[in-house]
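Below is one structure, written out as structure tokens, with a few remarks after it.
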Amino acid sequence: MLVKTIGSQRFKAIVSAYGANPDRWPAYERAAALEFCRKSPQKANQMMREAQEVDSLLGFLKAPQASEALHWQTLGLLMPQAGGAAVLPFTPRSTLKSPFVWMTGASLAAACAAGIILGMSLSLHSIVDQRVQDVLVQTSIVDLEN
């Protein structure tokens with residue numbers, strides 16, 4: 001299997017982004033990064049030591065957890081009120097004033113109208129062709145009887 005090679009810049013980017021543990025490195029670059037470690041152990045060890053320091057610091061941190069009060073407050077904002085409609089935590093901005101919206105809507109409407117007209121035209125032509133074919137078949141049957 002051919003392993004692509006990477007330079008020290010790319011190896012540093014991988015180690016900075018994914019840490020010193022090779023299991024966390026992207027699978028498609030893992031073999032090349034390990035090959036870089038084998039070919040340049042001093043550079044790789046220095047970069048990995050820096051990444052291990054960051055990894056150990058990040059290991060002490062816990063992921064933030066939402067409190068139960070925040071959970072119920074968020075659900076309360078999204079639940080329908082006594083009036084019936086849900087209260088959204090944001091106010092949508094009006095985009096109907098933008099000429100881009102009108103131009104987009106008009107072009108979509110024109111495309112739909114053109115599609116309908118073309119579809120009807122094609123179907124009418126095929127109906128007319130079928131009727132002509134039926135008339136020709138019937139005339140040939142009448143001619144055969146005589």
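The CD1 atom of I117 sits 8.5 Å away from the CE atom of M120 when rounded to the nearest 0.5 Å. The line from CD of Q52 to CG of N21 is 9.5 Å long, rounded to the nearest 0.5 Å. Distance CZ/R24 to OH/Y18: 12.0 Å, rounded to 0.5 Å. Atoms NE2 and CD, on H71 and Q65 in that order, are 13.0 Å from each other to the nearest 0.5 Å.
Shortest non-hydrogen contact noted between D55 and A20 is OD2-N, 2.9 Å. Nearest heavy-atom pair across A33 and I6 is CA-CD1, 3.6 Å. Between M47 and V15 the shortest heavy-atom distance is O-CG1, 3.7 Å.
Both L61 and V54 sit in one connected hydrophobic cluster of ILVMFWY residues. Membership requires side-chain heavy atoms under 4.5 Å apart, directly or through other members.
Counting only distance, with no hydrogens or angles, the side chain of S40 and the backbone of C37 share no donor-acceptor pair below 3.5 Å.
By the 4.5 Å heavy-atom criterion applied to side chains, M48 and F11 are counted as neighbours.
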